[in-house]
Engineer: 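First the structure, which I've put down as structure tokens, then a few questions once you've had a look.
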There are 2 protein chains.
Amino acid sequence: MNRIDSDKQELYAIAGLAKEFDISTRTIRFYESKGLLFPRRVGGTRVFNKRDRARLILILRGKRLGFSLKEIEEYLSLYDADQTHDAQVEKLLEMVNLRLDLLKEQMQDLKTTTSELSEIKKLVKQRLARG
Amino acid sequence: MNRIDSDKQELYAIAGLAKEFDISTRTIRFYESKGLLFPRRVGGTRVFNKRDRARLILILRGKRLGFSLKEIEEYLSLYDADQTHDAQVEKLLEMVNLRLDLLKEQMQDLKTTTSELSEIKKLVKQRLARG
DNA sequence: ACATCTATTGACGCTAACGTCAATTACTTG
DNA sequence: CAAGTAATTGACGTTAGCGTCAATAGATGT
């Protein structure tokens, strides 16, 4: 059962993922050493499954948003949180709210910055129109 | 005229700005050394004006959005760009568009991340409601 | 069997972004 | 004027996030 199951699963090599996301294999190994990824080993070779790939996507998005790897680790843990104990669930809710607040602030920053740049763009275009 | 003008201008000491924005004086000096800030000197002491303070605000927002100091320097240059030459104006427009695209991508990342976390929050709240 | 390619690890190097420190100078206050 | 506080600079230290390298192992093709 398990074997059949894993036979069906889509698997990825480290070089394939590196190429797909335009990062180095060093980066992926580094993320593993930082506890962000948990690939299986076949022989000594890392093998990643879809879940690993999904986590990598989240990691890279977190980085694009300027979060540190530690913050991203915290963020990833929200996906894995043990929801069977109410105490854990309360904690999870707290962390999710915290992160949502952070994202809300970033959204505000982005909107402000975008507005300012759009204003500059408008003025520049007017300048060009005048010749 | 100039003297009277500067007498009216609001000025800031390095420690005041550091405290206001919850950063160190070292950070502010570092930004100056990186060409992001250009405070005047009174005696040997740095004196910042409103424009410096405004630039610092932009710097810190850029950092919150995950940009490097180099990228922030580029961004700041959009505010200072010489708009008297059409060639410069075209370049400015190009840079503004580039940055707007970046911000748009970040906005998308933020929305995606926010949606995912909101979904987790919803599930968590349902879990708590069930007791 | 050998050459080539890919993957591994540990370790050192590099850059960015400051923090910390010591020595010195400048400013403020009593 | 002295004491206290603030600011200065240069230099070294630290952390984060990798890049690069060498040595080794495994896989593949001829």
Side-chain angles (χ1 to χ4, degrees), chain A residues 10-49 52-53 55-77 99 102 106 109, chain B residues 6-7 10-49 52-53 55-77 99 102 106 109:
Chain A
E10 211 158 328
L11 298 176
Y12 308 85
I14 194 169
L17 286 179
K19 186 164 183 160
E20 181 183 356
F21 296 102
D22 197 22
I23 59 180
S24 72
T25 55
R26 178 71 185 89
T27 299
I28 296 176
R29 289 193 193 99
F30 184 64
Y31 291 166
E32 184 194 6
S33 76
K34 284 293 177 178
L36 299 181
L37 293 174
F38 307 93
R40 252 188 354 260
R41 296 305 182 101
V42 174
T45 300
R46 290 171 178 81
V47 174
F48 302 80
N49 60 25
D52 293 313
R53 183 176 173 280
R55 284 175 74 91
L56 183 53
I57 289 173
L58 295 181
I59 292 166
L60 297 177
R61 193 164 75 214
K63 280 187 50 67
R64 286 202 294 278
L65 291 173
F67 291 117
S68 67
L69 294 186
K70 198 165 192 61
E71 291 170 314
I72 291 168
E73 188 184 351
E74 258 191 41
Y75 173 69
L76 286 173
S77 76
R99 210 135 273 290
L102 258 166
Q106 268 192 311
D109 281 339
Chain B
S6 73
D7 273 358
E10 210 158 329
L11 299 176
Y12 308 85
I14 194 168
L17 285 180
K19 184 165 183 159
E20 181 184 356
F21 296 103
D22 196 22
I23 60 180
S24 71
T25 55
R26 177 71 182 91
T27 299
I28 296 176
R29 289 193 193 97
F30 184 64
Y31 291 166
E32 183 193 8
S33 76
K34 285 291 178 177
L36 300 180
L37 294 173
F38 308 91
R40 256 191 347 264
R41 296 305 181 101
V42 173
T45 301
R46 291 173 179 77
V47 174
F48 301 79
N49 60 25
D52 293 313
R53 182 177 175 278
R55 282 175 75 92
L56 184 54
I57 288 174
L58 295 180
I59 292 165
L60 297 177
R61 193 164 74 214
K63 277 184 57 64
R64 285 202 296 279
L65 291 174
F67 292 117
S68 67
L69 295 186
K70 199 164 190 61
E71 292 170 315
I72 291 169
E73 188 185 353
E74 259 192 41
Y75 173 68
L76 287 173
S77 77
R99 209 137 274 290
L102 259 166
Q106 268 191 311
D109 280 339

Engineer: With heavy-atom distances below 4.5 Å as the criterion, would you say the side chains of B:T25 and B:I28 are in contact?
Structural biologist: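 Side chain of B:T25 against side chain of B:I28, heavy atoms only: no contact under 4.5 Å found.
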Engineer: Check A:R40, A:R55, A:R41 against A:E32 for a salt bridge (Lys or Arg N to Asp or Glu O under 4.0 Å) and give me the one that passes.
Structural biologist: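 Passing option: A:R41.
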Engineer: In whole angstroms, how far is the C1' atom of C:dT8 from the CD1 atom of A:I28?
Structural biologist: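 Answer to the nearest Å: 14 Å.
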Engineer: Let me know the distance between NZ of B:K19 and P of D:dA7, rounded to the nearest Å.
Structural biologist: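 After rounding, the gap between these two atoms is 11 Å.
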Engineer: Establish, from distance only, whether the side-chain atoms of A:E71 and A:S68 form a donor-acceptor pair under 3.5 Å.
Structural biologist: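 The criterion, which ignores hydrogens and geometry beyond distance, is satisfied for A:S68 and A:E71.
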Engineer: Hey, could you give me the CG/CG distance between B:L76 and B:L56, rounded to the nearest 0.5 Å?
Structural biologist: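 CG of B:L56 is found 10.0 Å from CG of B:L76.
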Engineer: Regarding B:R53 and B:E10, does a basic nitrogen lie under 4.0 Å from an acidic carboxylate oxygen?
Structural biologist: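 No, no charged N to carboxylate O under 4.0 Å.
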Engineer: Given atom CG of A:L17 and atom C1' of C:dT6, what is their separation to the nearest angstrom?
Structural biologist: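 Those two atoms, CG and C1', are 15 Å apart.
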Engineer: Does NZ or CZ of A:R61 come closer than 6.0 Å to the centre of the six-membered ring of A:Y75, within 45° of the ring's axis?
Structural biologist: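 Because its charged atom misses either the 6.0 Å distance or the 45° angle limit, A:R61 does not stack over A:Y75.
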Engineer: Paired stems touching DNA chain D, three or more consecutive Watson-Crick or G-U pairs with both distances under 3.5 Å?
Structural biologist: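 Result, WC/G-U stems under 3.5 Å: C:1-30 with D:1-30.
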Engineer: Whole angstroms only, please: what is the CG-P distance between A:D22 and D:dC18?
Structural biologist: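 In whole Å, D:dC18 P and A:D22 CG are 13 Å from each other.
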Engineer: I'd like to compare against my own output: the B/S/- annotation of nucleotides 9-21 of chain C with a strict under-4.0 Å heavy-atom distance to protein.
Structural biologist: B-B-----BBBB-
